[in-house]
Amino acid sequence: GEGVHLVANISNQNPYVNEPITVVYKLYVSPYANVYGSQETATPKYNNFWSQFIEMKEFKPVRDTYNDEIYTSIEIRKVVLYPQKAGSLPLEPLKLDIDMDVPTGQYDVFGRQVYKQGKKSVVAGNKSIQVKALPETGKPADFNGAVGDFEFKVLPSKTALKTGESLDLVVEVVGKGNLKLFSLPELTLPAALEVFDPEVIENIQTPLSGMVGRKGNRYTIIPQQKGKFVIKPLSFSYFDLKTKSYKTITSDEIELDVTQGDVVASSDSVDNKKQVVAKDEFAYIKNQVTFNKVTNDFLGSTLFYVLLFV
């Protein structure tokens, strides 16, 4: 009864830290109610979650059921959340004030239903997510917060070159998981190899199922003297949600064969580069991630209500 209901469907209420969950907000409208306006009176801030709203290009009213009664429903908002700490994390509710006409149960002289104007507040998503900590057992020393399913690659553009020439070395993670929320392993190079601040490579999408894509660093390296130089293997560790265990991928050792070039090696040969200064790419990841409010002009628009009752 009462014509209009708002429901928040949560995909998983007991995830691990940095395991994605989705919240889909759905509005149900009875065929006996006419909705002609709405105002959003409270918007969830998703404290202690990394959040990403999903762009909704189409809003499709569908025939649905609510409490075993026939309704029209429409998904009005979708968001992907990554919990940033363990424990009971509350979700703030989404609140709407709905302007609507509701039947009075009376009929006019022509037998038509008589409606009256009214306003109803609907609320959804006022729940708590029970977030599990990642296990301490088996946690690698180099674990840096990566959670998902990944591949790890360290690829040089060449391994034979002359002094004064440069090579590119790409350190890259590819896969599905919290790609925006962890840092990559850092290079350790012999002193004879001059290295510059990396070019960041990033191609990450966030569909409803969570982040997917690749991230990497492309380093420019210039040998300062001839000889054979070894770039030590790098390791990357992550928590695999499928097996609920940690996995470590270690790259191969890379040997560079550098012969004497015709010119003296100089960092001036590489434009717009800066030498690398060892630093922590992410000193920390905030437990509370704040995003600007995302307004959805479609909700409450004339087109929304025209579609809803087609």
Side-chain angles (χ1 to χ4, degrees), residues 18 50 139-205 211-239 246-286 289:
N18 270 316
W50 183 93
K139 181 183 290 187
D142 67 343
F143 178 70
N144 203 19
V147 176
D149 184 13
F150 302 107
E151 296 178 7
F152 176 61
K153 304 174 184 178
V154 179
L155 301 173
S157 59
K158 54 188 172 182
T159 57
L161 67 164
K162 297 179 180 181
T163 56
E165 294 181 350
S166 66
L167 68 93
D168 287 339
L169 186 74
V170 175
V171 179
E172 184 179 53
V173 171
V174 180
K176 181 178 180 180
N178 61 331
L179 285 159
K180 296 181 179 181
L181 299 174
F182 60 82
S183 59
L184 294 167
E186 294 186 354
L187 283 177
T188 300
L189 298 178
L193 301 179
E194 188 175 12
V195 62
F196 298 85
D197 277 339
E199 173 192 352
V200 176
I201 306 166
E202 188 170 289
N203 182 9
I204 302 172
Q205 291 80 43
M211 293 182 228
V212 62
R214 64 199 324 121
K215 66 182 292 184
N217 290 326
R218 179 182 287 113
Y219 294 88
T220 297
I221 299 171
I222 301 179
Q224 299 299 295
Q225 61 189 60
K226 66 179 181 179
K228 293 186 182 296
F229 303 100
V230 172
I231 299 177
K232 295 180 180 180
L234 293 179
S235 63
F236 171 74
S237 297
Y238 66 95
F239 183 73
Y246 293 98
K247 293 185 178 180
T248 298
I249 304 172
T250 302
S251 66
D252 294 332
E253 181 179 274
I254 298 171
E255 183 177 284
L256 301 182
D257 185 6
V258 181
T259 56
Q260 184 63 50
D262 297 330
V263 297
V264 177
S266 171
S267 59
D268 293 337
S269 62
V270 179
D271 296 331
N272 301 320
K273 299 286 186 178
K274 293 182 180 180
Q275 283 184 281
V276 167
V277 177
K279 62 183 183 296
D280 188 354
E281 184 177 354
F282 294 98
Y284 62 93
I285 295 176
K286 293 182 179 178
V289 184

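- The salt bridge (Lys or Arg N to Asp or Glu O under 4.0 Å) pairs that include a residue from residues 225-239 are K228-D257, where partners are two or more places apart or lie in different chains.
- For the residue pair S237/T248, the side-chain donor-acceptor check at 3.5 Å is satisfied.
- In plain terms, the two heavy atoms of S235 and T250 that are nearest each other are CB-OG1, 3.7 Å.
- Rounding to the nearest 0.5 angstrom, the gap separating the OG1 atom in T220 from the CD atom in E199 is 8.0 Å.
- Among L169, I222, I221, the single residue meeting the side-chain contact (heavy atoms from CB on, under 4.5 Å) criterion with L193 is I221.
- To the nearest 0.5 angstrom, Y238 atom OH is 15.5 Å from N144 atom CG.
- Between the side chain of N178 and the backbone N or O of G145 there is at least one donor-acceptor pair closer than 3.5 Å.
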Walk me through it: do V154 and I231 pass the test side chain to side chain contact (heavy atoms under 4.5 Å, CB included)? CA-CA 10 Å; V154 179; I231 299 177; 5.8 Å; no
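- Annotation for P185 and V171: closest pair O-CG1, 4.2 Å, computed over non-hydrogen atoms.
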From CA spacing to verdict: side chain to side chain contact (heavy atoms under 4.5 Å, CB included), V170, N217: CA-CA 6 Å; V170 175; N217 290 326; over 6 Å; no
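- Below 30°, between 30° and 60°, or above 60°: for F236 and F182 the angle between ring planes is between 30° and 60°, a tilted geometry.
- G261 approaches K162 most closely through the heavy-atom pair CA-CB, 3.8 Å.
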Stepwise side chain to side chain contact (heavy atoms under 4.5 Å, CB included) check, V212 with I204: CA-CA 6 Å; V212 62; I204 302 172; over 6 Å; no
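- Although no hydrogens or angles enter the test, the distance criterion places no donor-acceptor pair under 3.5 Å between the side chain of K247 and the main chain of F150.
- Residue Y246 comes nearest to K139 through the heavy atom pair OH-CE, 3.2 Å, listed as atom of the first residue, atom of the second, then distance.
- To the nearest 0.5 Å, the span separating CD on Q205 from CG on L179 amounts to 10.0 Å.
- Distance check, rounded to the nearest 0.5 Å: CD of E172 to CG of L155 gives 7.0 Å.
- When every heavy atom of F239 is checked against every heavy atom of F143, the shortest pair comes out as N-CE1, 3.8 Å.
- No side-chain heavy atom of W50 sits less than 4.5 Å from a side-chain heavy atom of N18.
- For S251 (side chain) and L234 (main-chain N/O), a donor-acceptor pair under 3.5 Å exists by modelled atom type.
- Listed here is the closest heavy atom pair of A192 and F229: CB-CE2, 3.5 Å.
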